Colleague: 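The structure's right below; bear with me while I get my questions together.
Not measured: the values here are computed from a predicted model.
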Amino acid sequence: MQTDFLRDWLVDKYEELEQRTLKAIEQLNETQLNWLPNESSNSIANLIVHIRGNIVERVSTGILHKELVRDRESEFDQMHVGKDELISLWRDTLAELISTTRAMTPEQFVETQQVRNKTRTHADVLLQVATHISEHAGQMLYIAKICLDDGYKTTTIPKRK
């Protein structure tokens with residue numbers, strides 16, 4: 001396994017997702033961050049809390065062997081979280097993920113953990129985390145676009161003409 005390539009790719013992806021999401025969050029007010037598009041959808045606050053729970057379960061517990069307990073169901077309860085608290089939670093969550101990934105040895109990438117009764121390598125888990133964050137980041141960006149309409153500022157690098 002080419003762990004240097006994988007490590008660099010994952011860290012770049014996590015940093016990009018952190019920054020793009022922060023750019024969207026910073027455009028929104030607290031009400032918009034806690035707004036539910038409909039009864040079957042989640043707010044940006046829910047999505048950040050949910051991503052944090054996923055990383056606690058897969059990385060903090062699964063890779064770092066910390067004794068943490070996740071209450072997945074509560075991540076989807078209607079909640080109101082302050083903007084500063086959400087930004088801090090997002091930054092702290094991604095900082096732990098990035099520092100853990102940067103510090104991993106080639107041997108750690110091939111170690112395994114149980115995920116939903118299936119044995120997975122830590123490399124597989126970290127790729128799944130990147131996918132999971134990407135999926136929910138897309139939802140967060142879309143919610144920001146809905147809330148801000150024409151006032152939404154893109155979080156991507158503008159194309160050169």
Colleague: Compare every heavy atom of Ile44 with every heavy atom of Ala144, then report the nearest pair and how far apart it is.
Modeller: N-CD1, 4.4 Å

Colleague: Take Gln27 and Lys153 through the side chain to side chain contact (heavy atoms under 4.5 Å, CB included) test and state the conclusion after the steps.
Modeller: CA-CA 8 Å; Gln27 295 178 58; Lys153 293 177 185 72; 3.6 Å; yes

Colleague: Applying ring-ring contact (aromatic ring centres under 6.0 Å, His included), name anything that partners Phe76, two or more places apart in sequence or on another chain.
Modeller: His50

Colleague: Can you list the steps and then say if Val11 with Glu15 is a side chain to side chain contact (heavy atoms under 4.5 Å, CB included)?
Modeller: CA-CA 6 Å; Val11 167; Glu15 288 175 342; 3.7 Å; yes

Colleague: Would you check, one step at a time, whether the test side chain to side chain contact (heavy atoms under 4.5 Å, CB included) holds for Leu36 with Gln78?
Modeller: CA-CA 9 Å; Leu36 297 171; Gln78 190 167 359; 4.2 Å; yes

Colleague: If you round to the nearest 0.5 Å, how far is CH2 of Trp35 from CG of Asn46?
Modeller: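 One finds 13.0 Å between CG of Asn46 and CH2 of Trp35.
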
Colleague: At what distance, to the nearest 0.5 angstrom, does OG1 of Thr112 lie from NZ of Lys118?
Modeller: 12.5 Å

Colleague: Pair up each side-chain donor or acceptor in residues 120-128 with any protein partner under 3.5 Å, not counting sequence neighbours, and list the distances.
Modeller:
unit_1, atom_1, unit_2, atom_2, d
Arg120, NH1, Asp124, OD2, 2.8
Thr121, OG1, Asp124, N, 3.0
His122, ND1, Gln113, NE2, 3.2

Colleague: After noting the C-alpha distance and the side-chain angles of Met140 and Ile143, does the key distance pass the side chain to side chain contact (heavy atoms under 4.5 Å, CB included) rule?
Modeller: CA-CA 5 Å; Met140 290 187 267; Ile143 291 170; 5.6 Å; no

Colleague: May I ask you to decide if Arg7's main-chain N or O and Thr101's side chain share a donor-acceptor pair within less than 3.5 Å?
Modeller: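 Absent.
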
Colleague: If you draw a 6.0 Å radius around CD in Gln114, do more than 12 non-hydrogen atoms from other residues or ligands fall strictly inside?
Modeller: yes

Colleague: Checking Glu75 against Arg72 for the salt bridge (charged side-chain N to carboxylate O under 4.0 Å, His left out) test, could you report, in this order, the C-alpha distance in whole Å, the side-chain angles of both residues, the deciding distance, and whether it holds?
Modeller: CA-CA 5 Å; Glu75 297 164 12; Arg72 188 177 187 282; 5.1 Å; no

Colleague: What's the spacing between Gln32 CD and Leu148 CG if we round to 0.5 Å?
Modeller: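 Going from CD on Gln32 over to CG on Leu148, the span is 5.0 Å.
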
Colleague: What residue among Arg52, Glu96, Lys66 forms side-chain hydrogen bond (donor to acceptor under 3.5 Å, both in side chains) with Ser60?
Modeller: Glu96

Colleague: Restricting to non-hydrogen atoms, name the atom on Val129 and the atom on Arg58 that form the minimum distance, rounded to 0.1 Å.
Modeller: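 Shortest heavy-atom separation between Val129 and Arg58 comes out as CG2-CB, 4.2 Å.
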
Colleague: Please determine, by modelled atom types, if Gln139 and His136 share a side-chain donor-acceptor pair under 3.5 angstrom.
Modeller: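 Checked: Gln139/His136 side chains pair up, N/O donor to acceptor below 3.5 Å.
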
Colleague: Are Ile55 and Leu68 connected into the same hydrophobic cluster when the rule is that any two of I, L, V, M, F, W, Y join if their side-chain heavy atoms are below 4.5 Å apart?
Modeller: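 No; Ile55 is not reachable from Leu68 via cluster members.
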
Colleague: Within this structure, what is the CD1-OG1 distance for the pair Ile98 and Thr93, rounded to the nearest 0.5 Å?
Modeller: 10.5 Å

Colleague: Tell me if the CG atom of Asn38 is crowded by more than 12 foreign heavy atoms within 6.0 Å.
Modeller: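 It does: Asn38 CG has more than 12 such atoms within range.
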
Colleague: Drop me the distance from Tyr14's OH to Ser99's OG, to the nearest 0.5 angstrom.
Modeller: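 The OG atom of Ser99 is 11.5 Å from OH of Tyr14, to the nearest 0.5 Å.
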
Colleague: Got a second to check how far Lys145's NZ is from Tyr152's OH, nearest 0.5 Å?
Modeller: 5.0 Å

Colleague: Sub-3.5 Å donor-acceptor pair from the side chain of Asp149 to the main-chain atoms of Gly151, do we have one?
Modeller: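 Checked: no pair found.
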
Colleague: Determine, using the 4.5 Å side-chain heavy-atom cutoff (strictly less than), whether Val56 and Leu94 are members of one ILVMFWY cluster.
Modeller: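 Hydrophobic grouping puts Val56 apart from Leu94.
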
Colleague: Do you know the tightest heavy-atom contact between Ala24 and Leu141?
Modeller: CB-CD2, 3.5 Å

Colleague: In a table with atom names and distances, give each donor-acceptor pair under 3.5 Å that connects a side chain of residues 81-90 to protein atoms at least two apart or in another chain.
Modeller:
unit_1, atom_1, unit_2, atom_2, d
Lys83, NZ, Glu26, O, 3.0
Lys83, NZ, Leu28, O, 2.6
Trp90, NE1, Glu18, O, 3.4

Colleague: With a 4.5 Å heavy-atom cut-off, do Ile25 and Ile48 have their side chains touching?
Modeller: yes

Colleague: Hydrophobic cluster membership, with links at side-chain heavy-atom distances under 4.5 Å among I/L/V/M/F/W/Y: are Leu6 and Ile63 in one?
Modeller: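 Yes, it is one cluster - the side chains of Leu6 and Ile63 are joined through contacts under 4.5 Å.
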
Colleague: Compute whether any side-chain donor of one residue and acceptor of the other, for Asp77 and Ser74, lie under 3.5 angstrom apart.
Modeller: no

Colleague: Test your reading of the model: is there a side-chain donor-acceptor pair from Gln108 to the backbone of Thr105, 3.5 Å cut-off?
Modeller: yes

Colleague: How close do Leu17 and Ser134 get, counting heavy atoms only, and between which atoms?
Modeller: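 Where Leu17 meets Ser134 most closely, the heavy atoms are CD1-OG, 3.5 Å.
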
